[in-house]
Asker: 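Take this structure first; my questions come after.
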Amino acid sequence: MRWFGKKTPQQDGGAGQRGYGGAIVADGDVINSSTYSVQGENVVALPPEAVRSAAETPAPTRAQVNLRAAYPHFTGREKELAALREALTAVPRRTGAPAVVLYGLGGVGKSTLAAQYAQTYRESYDLVWWIDAASPGSIEAALAELTTHLSSHWVSVTSSMTGHARAAHTAWALSWLQQHDGWLLVYDNVEDPSVLDRYVGSLVSGHHLVTSRRSGDWRALGTAIPLEVLPQHDAVDLLHSYLPDLTPTPTSRWEASQLARELGCLPLALNQAGAYIAESVITFATYRRRLDRRLDEQAQGDRNGPERTIARIWSLTLAAVTERNPLAAEFLYALAWLDPDGCPRELLDRLAPDELAAERALTVLNAFNMITLTEQEVRVHRLVQSVLRADAADAAADPLTPAQAPDPRGRREIERAVVEAVYPEGTDVPADTRQLALLARHTCALAGTDAVRNHSPQLTLLYGYTAVHLRDEGRLVQAFPLHKACSEQLERGFGKEHPLTLIGRNGLASAYEAVGKPGEARMILEALLVSSTRVRGAGHLTTLNIHGNLASAYQSLGMSQKAVSAYESAVATSREALGGTHIRTLTLQGDLAGLYNELGRHGEAINLYESLVRHAAAFPTQREHPVPLLEWNGARTRMNLAGAYESVGRYEEAIELYRAVHPELEQAYGSDHPDTLTCLANLGYTLESAGEFGEARNLYDDVLARRERILGELHPDTLMSRSNLANLCTATGDLDRGLELSELTLAQRTQVLGPDHPDTLVSRNNLASCYVAVGDLDRAMQMLEETVALHERLLGPEHPATLLSRNNLASCYFRRGDAGCAVPQFEAVLAVQEQLFGLGHPATMLSRQNLASACREAGDLERALDLITTVIKQRTEVLGPNHPDTLASLGSLARLHEARGELDRAIPLYQSVRAQLTEVVGPDHPTTEAIGDHLAAAVQARKDGVTSP
């Protein structure tokens, strides 16, 4: 859902779009289902000169460009180091090197081992780049930073690209990595494996080393190596390493072994204990006696788990830190509320009387091993952070008077520091955009733990503008907690119906739909529309935005009639309140046109689009409206109009429009821009529909190759292109290639998006269609039954995607010769579609034709004749007499005549349909060839004297 409207659905659709999946039909009458749009991540396509500069830029002279220093107390792990090296070098570079994943519980030393590997083998690489990969967007940020090290020229070229410079830097770094080998990327602390798909899939010339606390199935990415706690003898050696002047004795080793056992041999706990012992100049036995066990009894989790282990040593260490430097303890609590990876030191300086005091406090924390300190940043381990945060929250909790309970320790202080950094001259003055971007992940961390005890106008402003910044960069998932916290802050500060609260909650609803939760968006928006109408009026821009977003949520949920009603009402209200040429009125009309086309109301969609095209010429002059020029300069509107023309078989007009728009986009944005490629992909789809398979396949191959190069193997746009090519191969008889691509696309979408994602379900439908084409009906049936069950569970029994899957299942029954089972399935689907979509919707007509074919095979010829006659009439009215779908229905009528023994009626009709199809889509179109086969069989039957089926 976008603030100013959704892009009209296209068959390929560009970034983020998805469809319901291909339909299996009874008589070779293939109809491609409609698609709908969702907001995806921003993509920046590099111009050719940037790609060339990436290829020509050499690797740095020193491999360890941003490599973490080896840990001075690193002990043991020889076998693990050897296993890492063997796994990383098992596959030669340039042949698709996999990732090696080092996984284990928090505090077990994964990052330390990864850093040790990088230092040990740094001479084997031309480039080593360390990436803190725990939070959304952090990989992109690290790659953008790589560009600043490798190419100051490209950084200066893109410095003026407001909102896109970072994306351009990331794209350049990816291009460099694709065109060079001999590099190592270390992705530290990966929380979501799917964030790696784009990189591991497209960067195959170097090595990928991953650390993660997750222990799931990593086989899709490469080799997974578990990391356990240290063996006890290594744990003893690690403790002794903190006392270099102590010569190990049997007694000291025994005392160290008892302490190591007490700490579960967890490296993080051992390091913190060793640092404390060294600073306090005590023995292992003394430390063990002092170890406070009270937190061990209060902490949650397994008795020997890492949280309990850290909790046991935490109070003892914190007491020593506080005694040594009270400010150090305050720093530690402040760090508990931020993103743990890389807090700028200058942010903590704001909590200290002066820079020298801050430096002293950080030195104490570093000495006690509570933080990792660099020249610019401070890092704190997640386990330490979680224990500190829980302790601060518990101390602040007051069950008797929760409203008056104090803020958790360190919380308000660090909030104030972040606000002051972003708004150095006060919140009445615009934000420092550099600081806002630099601290965005820390603001997200604050938002994710915001209990909203009291309203903070400054914090609300920070959340809101950071959310806008992230959404502008396409980082929608990362922006979600900001929208949620901002909405809660506004409601707490101003009440549920204040204008600002309405805007905040509308933004939250939009965020819910953007991350794939339209149900939650609908619940918010329905109540919000009532409130906004009462408070601001139906024609206020805020109310209209809410109204349009609610219509979009209905559309995403498959509630088509509600969506139409909501859009039409919003358009009428906007026209009355703001005027027919206001940008909001026009964008709502564009959304409505897209929905009309999706529902088969093509004539209304075309009329509306044509009207918008006439208005589009004036849009570029309306600079006061916050709408990107690309959205309303006419090019995209004409593409959407072309898609509507294609839907009704006006192929020549659609092709002409696409061919006219493409050079405009290419000149304005470059040949590899996502919208330019979308235009080419949609042109290919229209050519396919028109029977121009050769040119369509060339375009599909071209777009797929470019998307693979620019976006990577696993980007959603790339997967869409691969799916389109797979379907074309299957339709044109290249079954081996179609099956290969279909299986690959399903596997990749399952890996990238998960098994329940709508795009993955589309691929399941498409692969099942491919199995039908190759005659493997048993596999197709099994897959379709599973897909129907998934659709019903995830989307409900009446969602269009569910109905299409059930239609495909019924068609598979038909193909297996079980017309008796197919008939009731088609009947059930048809009844729902007639109620939801009406008689003239393409899906309804498809189901009615399939039901006619099933009735024919079941021997109910009179009912079949009634059904197919109705379909021919409807398709003629809706699509025209020469549309391929209408002609295919006439071919089905000819088959019914043949089944009734009326060869003298069947043969002339076959001949007429084949001649018309040859003219419209060509002699090689699958439907033309199928009709030709039926004609030949009917002619042979008449020669043989056959008069009955």
Side-chain angles (χ1 to χ4, degrees), residues 137 141 144-145 148 155-156 158-166 169 327 330-331 333-335 337-339 342-359 361-362 375-378 407 410-450 452-473 475 478-479 481-483 485-494 498-501 503-504 507 623-624 626:
E145 183 66 20
T148 66
V155 171
S156 65
T158 58
S159 60
S160 61
M161 297 176 61
T162 303
H164 296 289
R166 191 176 100 161
H169 296 167
L327 180 60
E330 298 308 315
F331 275 10
Y333 276 105
L335 288 166
W337 304 102
L338 298 179
D339 185 284
C343 170
R345 291 180 64 156
E346 62 184 31
L347 187 62
L348 292 178
D349 288 346
R350 296 176 180 274
L351 305 181
D354 52 57
E355 188 174 341
L356 182 59
E359 184 176 346
L362 291 174
E375 184 177 352
Q376 301 295 330
E377 294 181 329
V378 181
D407 292 317
R411 173 77 195 199
R412 288 302 175 206
E413 291 77 8
I414 198 61
E415 287 177 356
R416 184 168 56 252
V418 174
V419 170
E420 290 175 354
V422 175
Y423 295 95
E425 300 180 31
T427 53
D428 293 334
V429 179
D432 180 336
T433 54
R434 187 189 71 84
Q435 285 292 328
L436 185 142
L438 178 67
L439 298 176
R441 56 196 174 94
H442 298 294
T443 305
C444 289
L446 289 172
T449 57
D450 193 342
V452 200
R453 294 177 180 272
N454 298 293
H455 171 61
S456 168
Q458 295 81 12
L459 200 59
T460 305
L461 196 66
L462 176 68
Y463 289 161
Y465 276 102
T466 305
V468 170
H469 163 73
L470 294 177
R471 286 179 67 91
D472 286 346
E473 289 196 341
R475 295 152 67 188
Q478 190 175 2
L482 293 166
H483 282 291
C486 182
S487 175
E488 292 170 349
Q489 282 276 352
L490 288 168
E491 186 171 337
R492 173 63 65 93
F494 300 103
H498 189 278
L500 290 177
T501 306
I503 293 173
R623 298 289 185 179
E624 68 274 15

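Just so you know, residue 1 is the first one in the sequence shown, and it goes up from there. Note that these values count all heavy atoms, side chains included, but never hydrogens, waters or copies made by symmetry.
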Asker: Locate the shortest heavy-atom distance separating Leu490 from Gly504; write the atom from each residue and the value.
Answerer: CD1-CA, 3.8 Å
Asker: Report yes if the side chains of Ser456 and Leu462 come closer than 4.5 Å at any heavy-atom pair, otherwise no.
Answerer: no
Asker: Going by atom type alone, with no hydrogens or angles, which donor-acceptor pairs under 3.5 Å involve a side-chain atom of residues 347-354 and a protein atom two or more places apart or on another chain?
Answerer:
from: Asp354; atom 1: OD1; to: Leu356; atom 2: N; distance (Å): 3.1
from: Asp354; atom 1: OD1; to: Ala357; atom 2: N; distance (Å): 2.7

Asker: How long is the span from the CD atom in Gln489 to the OG1 atom in Thr501, to the nearest 0.5 Å?
Answerer: 11.0 Å
Asker: By ring-ring contact (aromatic ring centres under 6.0 Å, His included), which residues pair with Tyr465, not counting sequence neighbours?
Answerer: none
Asker: Determine whether Cys343 and Ile414 make a side-chain contact, defined as any pair of heavy atoms from C-beta on separated by less than 4.5 Å.
Answerer: no
Asker: Got a list of side-chain donor-acceptor pairs under 3.5 Å for residues 427-437, not counting sequence neighbours?
Answerer:
from: Asp432; atom 1: OD1; to: Arg434; atom 2: N; distance (Å): 3.1
from: Asp432; atom 1: OD1; to: Gln435; atom 2: N; distance (Å): 3.3
from: Gln435; atom 1: NE2; to: Glu346; atom 2: OE2; distance (Å): 3.2

Asker: Taking all heavy atoms of His469 and all of Ala440, pick out the closest pair and write down the distance.
Answerer: CD2-CB, 4.4 Å
Asker: Can you measure from CG (Leu482) to OG (Ser487) and round to the nearest 0.5 angstrom?
Answerer: 12.5 Å
Asker: Please enumerate all residues that pass side chain to side chain contact (heavy atoms under 4.5 Å, CB included) together with Glu415, with sequence neighbours excluded.
Answerer: Arg411, Arg412, Leu446, Leu459
Asker: Going by the side chain to side chain donor-acceptor pair (under 3.5 Å) test, which pairs reach into residues 416-426, not counting sequence neighbours?
Answerer: none
Asker: I need the minimum non-hydrogen distance between His442 and Pro344, along with the two atoms involved.
Answerer: NE2-CD, 3.8 Å
Asker: Would you please name every residue forming a salt bridge (Lys or Arg N to Asp or Glu O under 4.0 Å) with Glu330, sequence neighbours left out?
Answerer: Arg409
Asker: Locate the shortest heavy-atom distance separating Ala445 from Leu338; write the atom from each residue and the value.
Answerer: CB-C, 3.7 Å
Asker: Enter the distance from Glu413:CD to Trp337:CH2 here, rounded to the nearest 0.5 Å.
Answerer: 11.0 Å
Asker: Is the backbone N or O of Leu362 less than 3.5 Å from a side-chain atom of Arg345, with the two atoms forming a donor-acceptor pair by type?
Answerer: no
